[in-house]
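Each remark here refers to the structure printed beneath this line.
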Amino acid sequence: MSRRWNGRPLPRALPLLLTAGLLAGGVLPSTASAQRPQGPPAADEPPVVIDHADEIRRVVEGDSLTYYLEGNVRAHREAVQIRSRQATIYRRSRVADFQRDVHFWDRTTEIYADRVVYDEETNIAHATGRVQLIDRESGSQVAADTVDYFRDEERLVARPRPHGVILPRDSLAGEPFDIYADEMRLHSDSLATTVVAVDSVLIERADLTAVGDSLFYDEDEGRIALRIRPRVETAETFLTAERIDVLLVEEEISALVARDRARAITKTDSIPAAVPAAFDDVSRTSFLEGDSLYIAFAAEGIDWLVAEGDARSLNYTRESPAGPIETWSVNYLLGERLRLSFSGDSLTVVVASGGHRGIYRSEEVRVGGPVRRESEPIPLMDLTAAVHAGRRSGSSTW
């Protein structure tokens with residue numbers, strides 16, 4: 001009768017290789033020194049050390065040595081610690097395969113997964129199946145189907161379609177970012193975190209939503225760089241361009257910088273729907289366009305905007321007191337450089353330079369309530385004639 005371990009046929013020589021303790025009880029002693037695997041050590045680092053397992057099988061085939069571990073597996077390799085319910089350690093190839101409820105961690109990184117294959121030669125851990133990655137330096141997390149941890153480079157690659165929650169080092173400084181992408185690369189050290197996300201990128205925060213095909217986040221520089229058809233939305237602005245940088249100060253948005261065919265639409269326009277309808281063939285919202293845009297934010301919203309290079313702006317302005325009928329104007333301005341300054345939601349100053357020109361137009365617009373129809377007279381009947389007519393017909397009018 002052939003013997004099997006974990007579904008695999010065991011070599012006939014296996015019983016001769018088992019220790020007396022295993023033959024007697026089938027349990028590995030809990031002390032690491034009692035059953036520390038023996039194998040060729042690395043030139044610079046020791047191999048994975050088995051600290052504990054409920055059951056162990058040691059198999060020698062030619063010049064190879066393999067350990068099969070089952071139940072409450074604990075192992076380590078210098079700073080690396082591993083826990084699992086099952087493992088196979090190949091001494092010749094120097095690969096350790098941990099399976100079922102794996103917890104892998106070192107000084108900077110924790111990984112939970114269904115399986116982790118750790119290559120001692122390359123110092124790379126390959127995690128698969130419901131992977132949860134935790135950066136112990138910042139608290140940032142990534143969930144994915146597959147994560148490769150390059151320990152020598154302090155770099156992690158997650159795919160496909162991972163979801164990352166990126167936290168600032170000082171959690172009180174700002175909101176975390178949620179990042180989705182087809183692939184995400186995370187690097188973190190004691191100073192800062194950098195994230196590279198590629199293909200169908202979505203980033204969300206309470207004060208920001210952005211999409212693009214490439215994202216680079218540098219915590220140290222305070223910058224999020226979006227490339228390849230990016231679009232950014234804040235509470236005040238829609239922004240499109242070929243390249244957009246989000247600048248952060250203490251993890252709060254301080255400015256947006258857009259380059260190449262940049263266009264910003266102001267969301268805070270409190271323009272009644274009847275106003276743009278009164279101006280035929282005109283944009284329904286205020287906007288600013290140019291080869292490049294710089295949008296600076298203050299605590300209450302947009303502070304100022306600058307457009308450079310074939311700059312264009314359109315703004316609606318109410319020029320009368322609020323009421324059922326108001327006077328509104330539209331201003332269309334062109335120049336090499338335009339600067340718009342705001343106070344709260346109101347545009348206060350526009351400065352144009354470099355061959356500027358513009359168009360101004362105003363209209364009276366009914367904006368308050370429904371259109372009232374003029375009163376019409378109600379015809380009154382001759383009451384005496386109506387009474388006589390009723391008596392002749394035998395009907396009562398009362």
Exercise: identify the closest heavy-atom pair between Asp245 and Leu226: OD1-N, 4.3 Å
Do Leu202 and Val232 share a hydrophobic cluster (ILVMFWY, side-chain heavy atoms under 4.5 Å, transitive)? no
Can you check whether Leu167's main-chain N or O pairs, donor with acceptor, with Ser140's side chain at less than 3.5 Å? yes
Suppose the criterion is ring-ring contact (aromatic ring centres under 6.0 Å, His included): which pairs have a residue in residues 111-146, not counting sequence neighbours? His103-Tyr112, Phe104-Tyr118
NZ/NE/NH1/NH2 to OD/OE distance under 4.0 Å, Glu233 and Arg231: no
Assess, by modelled atom type and distance only, whether the side chains of Ser188 and Glu137 contain a donor and an acceptor separated by less than 3.5 Å. no
Check this for me, if you would: do Glu78 and Arg107 make a salt bridge, where the nitrogen-to-carboxylate-oxygen distance has to be below 4.0 angstrom? no
Supply the atom-to-atom distance Ile295 CD1 to Ile244 CD1, rounded to the nearest 0.5 angstrom. 8.5 Å
Stepwise, does the side-chain contact (heavy atoms from CB on, under 4.5 Å) test hold for Arg185 with Val198? CA-CA 9 Å; Arg185 305 162 197 162; Val198 294; 4.2 Å; yes
Heavy-atom closest contact (Ser362 atom, Glu319 atom, distance): CB-OE1, 4.4 Å
Is it true that a side-chain atom of Arg57 and a backbone atom of Glu70 form a donor plus acceptor pair closer than 3.5 Å? no
Hey, does the side chain of Arg312 reach the backbone of Asp310 with a donor-acceptor pair shorter than 3.5 angstrom? yes
Can a donor-acceptor pair be found, under 3.5 Å and without considering hydrogens, that links the side chain of Arg318 to the backbone of Glu326? no
Would you indicate whether the side-chain heavy atoms of Glu363 and Trp328 approach each other to under 4.5 Å? no
Check ion pair Arg94-Glu121 (N to O, under 4.0 angstrom): yes
Can you check side-chain hydrogen bond (donor to acceptor under 3.5 Å, both in side chains) on His76 and Asp51, steps first, answer last? CA-CA 7 Å; His76 77 276; Asp51 297 318; 2.9 Å; yes
Measuring only between side-chain heavy atoms, which start at C-beta, is Leu208 closer than 4.5 Å to Glu175? no
List for me each residue that meets salt bridge (Lys or Arg N to Asp or Glu O under 4.0 Å) alongside Asp148, sequence neighbours excluded, and say none if there are none. Arg159
Indicate the atoms forming the closest heavy-atom contact of Arg136 with Asp106, along with that distance. NH1-O, 2.6 Å
Least distance between heavy atoms, Pro230 atom then Ala241 atom: CD-O, 3.0 Å
Determine whether a donor-acceptor pair (N or O, by modelled atom type, separation under 3.5 Å) exists between the side chain of Arg92 and the backbone of Leu65. no
Could you point out which residue of Val102, Ile111, Asp145 forms a side-chain contact (heavy atoms from CB on, under 4.5 Å) with Val131? Ile111
Verdict with supporting geometry, Met184 and Val195, side-chain contact (heavy atoms from CB on, under 4.5 Å): CA-CA 7 Å; Met184 192 179 305; Val195 178; 3.8 Å; yes
Determine, for Arg223 against Asp218, whether the closest basic-nitrogen to carboxylate-oxygen distance falls under 4.0 angstrom. no
Would Arg115 and Asp101 count as a salt bridge (charged side-chain N to carboxylate O under 4.0 Å, His left out) here? Give the steps. CA-CA 7 Å; Arg115 184 179 185 183; Asp101 299 330; over 6 Å; no
Quick one, Leu247 with Tyr294, criterion side-chain contact (heavy atoms from CB on, under 4.5 Å). Give me CA distance, side-chain angles, the key distance, then yes/no. CA-CA 11 Å; Leu247 306 184; Tyr294 193 102; 3.9 Å; yes
Would you say that more than 12 heavy atoms from the other residues, nucleotides or ligands in this model lie under 6.0 Å from the CD of Glu364, or not? no
Side chains of Ile302 and Phe297 in contact at under 4.5 Å (non-hydrogen atoms): yes
Would you find more than 12 non-hydrogen atoms of other residues, nucleotides or ligands less than 6.0 Å from Arg261 atom CZ? no
Indicate every side-chain donor-acceptor pair of residues 334-341 with a distance under 3.5 Å to a residue at least two apart or in another chain.
| from | atom 1 | to | atom 2 | distance (Å) |
| --- | --- | --- | --- | --- |
| Arg337 | NE | Glu308 | OE2 | 2.9 |

Are side-chain heavy atoms of Val282 and Pro276 found at a separation under 4.5 Å? no
Is Leu133 close to Leu186 at the side-chain level, that is, under 4.5 Å between some pair of heavy atoms? yes
Does the side chain of Glu251 come within less than 4.5 Å of Phe177's, by heavy atoms? yes
Any side-chain donor-acceptor pair under 3.5 Å between Asn315 and Asn331? no
Identify whether NZ of Lys or CZ of Arg in Arg155 sits under 6.0 Å from the centre of the six-membered ring of Phe150 and within 45° of that ring's axis. yes
Of all heavy-atom pairs between Gly323 and Val367, which one has the smallest distance, and what is that distance? O-CG2, 3.4 Å
Less than 4.5 Å apart, any side-chain heavy atom of Trp105 and any of Arg83? yes
Scan Leu314, Thr240, Leu288, Thr285 and name whichever one has a side-chain contact (heavy atoms from CB on, under 4.5 Å) with Ile265. Thr285
Is any side-chain heavy atom of Tyr149 closer than 4.5 Å to one of Thr108? yes
Atom CZ of Arg361: over 12 foreign heavy atoms under 6.0 Å: yes
Quick one: is the NZ or CZ of Arg263 closer than 6.0 Å to the six-membered ring centre of Phe287, and within 45° of its axis? yes
Under 3.5 Å, is there a donor-acceptor pair between the side chain of Thr237 and the main chain of Leu239? no
Show your working on side-chain contact (heavy atoms from CB on, under 4.5 Å) between Leu305 and Leu293 and close with a plain yes or no. CA-CA 7 Å; Leu305 301 92; Leu293 296 180; over 6 Å; no
Please report the closest heavy-atom contact between Pro162 and Ala144, naming both atoms and the distance. CB-CB, 3.8 Å
When you group the ILVMFWY residues by side-chain heavy-atom contacts below 4.5 Å and let the links chain together, are Trp304 and Val257 in the same group? yes
